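Lettering follows sequence order; numbering is per chain, from 1. These numbers were taken from a predicted model, which means no experiment stands behind them.
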Protein chains: 2
Amino acid sequence: MPRNALNSKLEMHASEPLYKQIEKQILDCLAQGEWKPGERLPNESQLAKRFGVAIFTVRAGISELVAANILIRRQGKGTFVARHDRQRQRYQFTHIFRNDGVKISPERQLVSFSRISADRSIAEMLHLPQNEKPSVFRVECILKLESRPIATMDITVPARLFAGLTARAIRESAENLYAVYQEVCGVNVIRIEERVYAVKAGARVANTLGIHAGDPALRVDRIAYTYNDVPVEFRSRVHQAFDYHYQISEGGV
Amino acid sequence: MPRNALNSKLEMHASEPLYKQIEKQILDCLAQGEWKPGERLPNESQLAKRFGVAIFTVRAGISELVAANILIRRQGKGTFVARHDRQRQRYQFTHIFRNDGVKISPERQLVSFSRISADRSIAEMLHLPQNEKPSVFRVECILKLESRPIATMDITVPARLFAGLTARAIRESAENLYAVYQEVCGVNVIRIEERVYAVKAGARVANTLGIHAGDPALRVDRIAYTYNDVPVEFRSRVHQAFDYHYQISEGGV
DNA sequence: TATCATTTGTACGTATGTATG
DNA sequence: GCATACATACGTACAAATGAT
């Protein structure tokens, strides 16, 4: 019996190895919402049967998605779609630390929520059609730690993908915004690109952060992507730079 | 025949899985210099025989080290100890980009090289004994792009570990400094931690970089580690922040 | 408390594909 | 063409965690 009797998409001697094809198929299922965040996937032998391959091959494909924090395996329980809530801190993309080395989890205070037309640079970053003035949600926040403002955060998301996003939904959740995107809009952020600039604080930001205009500040611009490298969010944060810094670790076992 | 007849260190029913033990053993061999950067390891079946386990188990251990960029596998050739030279860009830890999005590879101009006593904060960062005024090498450089200075870089390394490091060795190599550390001193950097600060450029740095004192600048402090999380280098760079930024990507397939 | 079915984790053996020299 | 070495793939067995019985 041909191994892939049940699934015509698989190519046995394709340029790509089977397990990579399985990985892509699972990604497709995720992108199409067949398995939603927090849900359990069919077990490995079921998936193997469904895709017409050996368990080994399914495991290899899943392993890559686990390494990418898209799936989570739990022995004795199953394989799950990763969630963005604060408990499982896998999706805490933030790299801002207090200067004493402690990672911070600031609170979010919503300042404004509006629906506007994207300007050209935003439309370009979010891959929106540039001719028809695409509609976006604009979210302005202040990040606070112990009720002291430490950063401003301006967010832009395409309205088409974020149907159902409201000021109320943002205000009422204490979670990571990406958890809100998952819950409310079904949007899964799986990758970010971040650029960090040293800037002079402008008058408005300086006033908000309780520093002087012209003081150095860290501007952190981020584009967040969902499956298939589709950009879904642009956010720009400006951090008070006297007590906080940006920190990463790279390499190692 | 007991599987681990040839190696008494392995524990069959230890808390740690076999492949993790193999990984540690390989790391030990690397730390002790049995296999040097660029060299080929024994092939998988030889390693399996040596450690008294199946090939599968050796592969699992090696895979973790490959993921950490410590080993490199090349089909048909073998498994090699990763090198830090510029060709294989795996060990380009730098995250500085030009504002148009192009990653930069600046040239290094040596300004001074000296042997001094570490002050307390350096001794602490590099885990040096604090009572006996440990000796360190101090390296001051300017990073240039198309012969225009874009950053200053001050480096401190413990003299004990970096025997053989000279101004000449640094000046004569066009490679990454970490390649020099490997070649000249046998020190392998496998992990870094980096902190990014927004600061005002001081007079001296501003003068070097061709900007004004007080202009915003990116200070990037890094501690580099070798095997077993031993810190081996502290470096502090100050980057001109008008044309350059710090950039990372995280997550994704 | 103890047992049992389910599910992933680890480990082994084997076969074949593919890149390299 | 050939030997070597890693890459992929399959089948199997048992361990360990989990949750329900």
Side-chain angles (χ1 to χ4, degrees), chain A residues 1-7 10-26 35 38-67 69-82 88, chain B residues 1-7 10-26 35 38-67 69-82 88:
Chain A
M1 175 180 107
R3 185 189 293 108
N4 52 355
L6 296 174
N7 199 313
L10 293 179
E11 311 167 34
M12 272 311 287
H13 290 280
S15 53
E16 240 188 356
L18 261 182
Y19 76 92
K20 285 275 182 194
Q21 297 179 47
I22 299 299
E23 183 189 339
K24 290 235 172 75
Q25 295 222 4
I26 295 175
W35 307 308
E39 283 183 12
R40 192 176 73 185
L41 271 62
N43 73 37
E44 295 174 341
S45 57
Q46 287 171 325
L47 286 174
K49 188 168 292 181
R50 163 166 170 180
F51 293 129
V53 298
I55 287 192
F56 170 95
T57 310
V58 169
R59 283 187 66 81
I62 290 178
S63 293
E64 307 252 316
L65 298 173
V66 169
N69 276 332
I70 292 173
L71 298 180
I72 294 174
R73 276 202 274 234
R74 273 180 274 180
Q75 186 174 0
K77 297 184 72 173
T79 303
F80 300 81
V81 184
R88 348 199 173 296
Chain B
M1 176 180 105
R3 185 189 293 109
N4 52 354
L6 297 174
N7 199 312
L10 294 179
E11 311 167 34
M12 272 311 288
H13 289 279
S15 53
E16 239 188 356
L18 260 182
Y19 74 91
K20 285 276 182 192
Q21 298 178 46
I22 300 299
E23 183 189 339
K24 290 236 171 76
Q25 295 222 6
I26 294 175
W35 306 309
E39 285 184 9
R40 191 176 75 186
L41 270 62
N43 73 37
E44 295 175 342
S45 56
Q46 286 172 324
L47 285 174
K49 188 168 291 181
R50 163 166 170 178
F51 293 130
V53 298
I55 287 192
F56 171 95
T57 310
V58 169
R59 281 189 67 79
I62 291 178
S63 293
E64 307 251 317
L65 297 172
V66 169
N69 276 333
I70 292 173
L71 297 180
I72 295 175
R73 275 201 275 234
R74 273 180 274 179
Q75 187 173 356
K77 297 185 71 176
T79 304
F80 300 80
V81 184
R88 349 200 172 297

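When distances run from any side-chain atom of A/Arg59 to the nucleotides C/dT8, D/dC6, D/dA9, the shortest one goes to C/dT8. With D/dC6, C/dT7, D/dT8 as the choices, the nucleotide that has an atom nearest any side-chain atom of A/Tyr19 turns out to be D/dT8. Of the listed nucleotides (D/dC6, D/dA9, C/dC12), C/dC12 has the atom at the smallest distance from the side chain of B/Leu18.
Looking only at distances, a side-chain donor or acceptor of B/Gln21 sits under 3.5 Å from a matching main-chain atom of B/Glu16. Checked by atom type and distance alone, the side chain of B/Glu64 never pairs as donor or acceptor with a backbone atom of B/Gly61 at under 3.5 Å.
Distance check: B/Asn43 CG to B/Ile55 CD1 gives 7.5 Å after rounding to the nearest 0.5 Å. Atom CZ of residue B/Arg40 and atom CG of residue B/Leu71 lie 14.0 Å apart, to the nearest 0.5 angstrom. We find the CD1-CD1 distance between B/Ile70 and B/Ile26 to be 10.5 Å, quoted to the nearest 0.5 Å. Rounding to the nearest 0.5 Å places CD of B/Glu44 at 10.5 Å from CD of B/Gln46. To the nearest 0.5 angstrom, A/Leu65 atom CG is 11.0 Å from A/Lys24 atom NZ. Of the inter-residue distances, the one linking B/Ile22 atom CD1 with B/Arg50 atom CZ reads 10.0 Å to the nearest 0.5 angstrom.
At a threshold of 4.0 angstrom between heavy atoms, the contacts of B/Thr79 are confined to the sugar-phosphate backbone, with no base atom among them.
Rounded to an integer number of Å, the gap from A/Ile72 CD1 to C/dT7 C1' is 16 Å. The interatomic distance linking B/Leu47 (CG) with D/dA5 (C1') rounds to 12 Å, in whole Å. Nucleotide C/dT10 holds its P atom 17 Å from the CD1 atom of B/Ile62, rounded to whole Å. Between A/Asn43 atom CG and D/dT18 atom P the separation is 17 Å, expressed in whole Å.
Contact between the side-chain N/O atoms of A/Arg74 and the OP1/OP2 oxygens of D/dT18 is not found at any separation under 4.0 Å. Phosphate contact (OP1/OP2 of C/dT7, side-chain N/O of A/Arg73, threshold under 4.0 Å): absent.
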Are any protein N/O atoms closer than 3.5 Å to N/O atoms in nucleotides 13-16 of chain C? If there are, list each pair with its distance.
none

Detail all sub-3.5 Å separations between protein N/O atoms and N/O atoms belonging to nucleotides 19-21 of chain C.
unit_1 : atom_1 : unit_2  : atom_2 : d
C/dG21 : OP1    : B/Lys77 : NZ     : 3.3

